[in-house]
Amino acid sequence: MPRYAQLVMGPAGSGKSTYCATMIEHCQAINRSVQVVNLDPAAEHFNYPVMADIRELIQVDDVMEDDSLRFGPNGGLVFCMEYFANNFDWLEESLGHVEDDYILFDCPGQIELYTHLPVMRQLVEQLQQWEFRVCGVFLVDSQFMVETFKFISGVMAALSAMVMLEIPQVNIMTKMDLLSPKAKKEIEKYLDPDMYSMMEDNSVGLRSKKFRKLTKAICGLIDDYSMVRFMPFDRTDEEGINIVLQHIDFSIQYGEDLEFKEPKELNEEPSNTNFDELFQDKADS
Ligand SMILES: Nc1nc2c(ncn2[C@@H]2O[C@H](COP(=O)(O)OP(=O)(O)OP(=O)(O)O)[C@@H](O)[C@H]2O)c(=O)[nH]1
Ligand SMILES: [Mg+2]
């Protein structure tokens with residue numbers, strides 16, 4: 001039986017932990033069993049129950065306080081993640097093996113983890129060895145996406161992760177609930193954008209010919225990978241959350257091997273099933 005995982009990635013503060021908490025709530029509501037593993041050794045608090053927490057293995061504060069290491073917060077985090085990569089047996093033990101596992105991994109926000117450090121790739125390979133089908137979920141804050149150049153840099157970050165990890169990836173624009181109706185309209189063109197026309201729109205502001213050429217080359221690269229699509233994520237919109245989840249499920253073929261389960265039978269009748277009486281009461285009043 002395959003197992004399923006979402007690797008929830010994205011820059012600092014993009015909403016990864018909130019995404020995990022929202023997904024868990026949503027899955028509980030639709031009666032689906034999903035667990036979260038916290039992989040952020042610097043996390044202080046999160047609003048979801050965890051199945052496993054990397055801080056049981058190592059914490060950034062301990063690394064920073066260690067006199068022989070003397071790391072700052074970023075170096076400390078990289079050290080923790082490398083330590084984690086050398087101790088995957090801790091994760092194996094924490095995960096156990098439940099049939100049809102579906103696990104969200106809430107990752108740290110340091111962007112270098114997804115662009116050039118090998119840790120996340122090692123994690124993906126390890127998960128695949130444990131029969132997980134892994135989908136990358138890359139989050140970008142919609143607040144930063146309302147201008148073309150910010151958008152391009154967000155896309156480049158998502159693209160680096162995709163090229164580095166070589167797994168299916170779904171890109172998500174978070175915090176849609178914070179946008180004004182005008183900004184919401186504006187952002188629609190960024191969800192499924194045409195990079196070239198987007199560049200043309202802004203080329204008046206480009207400083208030099210060289211800069212314009214470089215931007216054009218970058219837009220071409222993004223277009224070639226055809227991965228510029230973003231899905232909007234509004235944590236207050238259940239239907240939208242469901243669409244995102246279906247999209248991710250589809251990319252890892254979740255549900256194809258599931259066995260049909262009979263719904264649980266109710267043992268006793270609920271107490272207020274005397275509908276005749278109920279309607280009669282209503283009609284009388
Ligand atoms: N209104 C709104 N706020 C959000 C949403 N997602 C996240 N936030 C807020 O954004 C801030 C950062 O969210 P987190 O979920 O902690 O982000 P993160 O990516 O886990 O952050 P790091 O783990 O520090 O990298 C918090 O104050 C959240 O309440 C959202 O969809 N809507
Ligand atoms: Mg977080």
Side-chain angles (χ1 to χ4, degrees), residues 5-27 29 34-61 63-64 72-81 84 103-115 117 119-120 123 135-146 150 153-154 157-158 160-161 169-184 186-188 190-191 230-245 247-248:
Q6 290 184 24
L7 214 53
V8 184
M9 309 173 282
S14 52
K16 299 177 289 300
S17 305
T18 309
Y19 168 89
C20 291
T22 313
M23 255 322 156
I24 285 285
E25 258 175 41
H26 176 75
C27 288
V34 173
Q35 317 271 354
V36 191
V37 171
N38 172 46
L39 286 188
D40 185 355
E44 305 235 311
H45 45 79
F46 29 79
N47 300 334
Y48 49 76
V50 279
M51 173 191 208
D53 186 348
I54 194 174
R55 294 175 308 166
E56 290 162 16
L57 179 73
I58 190 161
Q59 289 199 29
V60 167
D61 285 348
V63 173
M64 284 166 66
N74 289 309
L77 181 119
V78 171
F79 178 87
C80 287
M81 294 312 281
F84 167 60
I103 297 172
L104 313 182
F105 290 92
D106 185 6
C107 300
Q110 264 78 356
I111 200 74
E112 53 270 45
L113 286 175
Y114 316 114
T115 52
L117 292 174
V119 182
M120 298 315 280
L123 173 65
C135 176
V137 180
F138 199 92
L139 309 189
V140 184
D141 188 335
S142 58
Q143 308 284 302
F144 298 107
M145 303 290 267
V146 277
K150 288 181 188 170
S153 84
S160 312
Q169 182 166 307
V170 173
N171 300 312
I172 289 178
M173 219 178 260
T174 58
K175 310 191 192 178
M176 293 297 281
D177 54 304
L178 293 181
L179 293 181
S180 64
K182 187 171 169 263
K184 248 185 202 161
E186 180 80 353
I187 214 153
E188 260 169 32
Y190 293 99
L191 293 175
F230 280 83
M231 303 199 72
F233 189 80
D234 177 346
R235 66 176 178 184
T236 56
D237 171 16
E238 287 289 321
E239 210 177 307
I241 297 171
N242 208 23
I243 293 174
V244 168
L245 183 61
H247 212 79
I248 296 169

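Each ligand, and each atom within it, is numbered from 1 in the order the structure gives. Values below: all heavy atoms of this structure, side chains included; hydrogens, waters and symmetry mates excluded.
Ring geometry, Tyr114 versus Phe138: the interplanar angle exceeds 60°, so the pair is classed perpendicular (tilted spans 30 to 60°).
Protein N/O/S atoms found under 2.8 Å from the Mg ion (ligand 2): Ser17 OG.
Considering every non-hydrogen atom in both Lys16 and Gly10, the closest pair reads NZ-O, 3.2 Å. Annotation for Glu238 and His26: closest pair OE1-ND1, 2.8 Å, computed over non-hydrogen atoms.
Within the model, atoms CD of Gln59 and CG of Asp40 stand 11.0 Å from one another, a figure rounded to the nearest 0.5 Å. Note: Leu39 CG to Arg55 CZ = 11.5 Å, rounded to the nearest 0.5 Å. Note: Cys20 SG to Leu104 CG = 5.0 Å, rounded to the nearest 0.5 Å.
Within the 4.0 Å cut-off (strictly below), a protein heavy atom is located near atom 22 (P) of ligand 1. The presence of a protein heavy atom under 4.0 Å from atom 26 (C) of ligand 1 is ruled out.
Counting heavy atoms from C-beta on, the side chains of Val170 and Cys135 come closer than 4.5 Å. Annotation: side chain of Leu113 is not in contact with side chain of Cys107 (no heavy-atom distance under 4.5 Å). With a 4.5 Å cut-off on side-chain heavy atoms, Ser17 and Tyr48 count as touching.
The contact set between ligand 1 and Gly109, taken as ligand atoms under 4.0 Å from a residue heavy atom, comprises 25 (O). Each of the atoms 1 (N), 2 (C), 30 (C), 31 (O), 32 (N) of ligand 1 lies under 4.0 Å from some heavy atom of Asp177.
Ligand 1 is never approached by Gly10 to a heavy-atom distance shorter than 4.0 Å. Note on ligand 1: Thr174 sits outside its first shell, no heavy atom being nearer than 4.0 Å.
Considering each of Lys175, Arg235, Met9, Lys16, the one bringing a non-hydrogen atom nearest atom 29 (O) of ligand 1 is Arg235.
For Asn47, the CG atom counts as loosely surrounded, since its 6.0 Å shell holds 12 or fewer non-hydrogen atoms of other residues, nucleotides or ligands. The environment of Glu112 atom CD is dense: over 12 non-hydrogen atoms of other residues, nucleotides or ligands sit within 6.0 angstrom.
Residue-level proximity to ligand 1 for Asp40 is carried by the side chain, the only part with a heavy atom below 4.0 angstrom. Using a 4.0 Å cut-off between heavy atoms, Thr18 contacts ligand 1 through both its backbone and its side chain.
Between Lys175 and Asp141 there is a salt bridge, since at least one side-chain N of the basic residue sits less than 4.0 Å from a carboxylate O of the acidic one.
Where the criterion is an N or O separation shorter than 3.5 Å, residue side chain and backbone included, Asp106 fails it with respect to ligand 1. Polar contact check, Gly15 against ligand 1: a nitrogen or oxygen pair lies under 3.5 Å apart. The shortest N or O to N or O distance between Gly13 and ligand 1 is under 3.5 Å.
Looking from atom 16 (O) of ligand 1 to the surrounding protein, the closest heavy atom is Ser17 CB, 4.2 Å.
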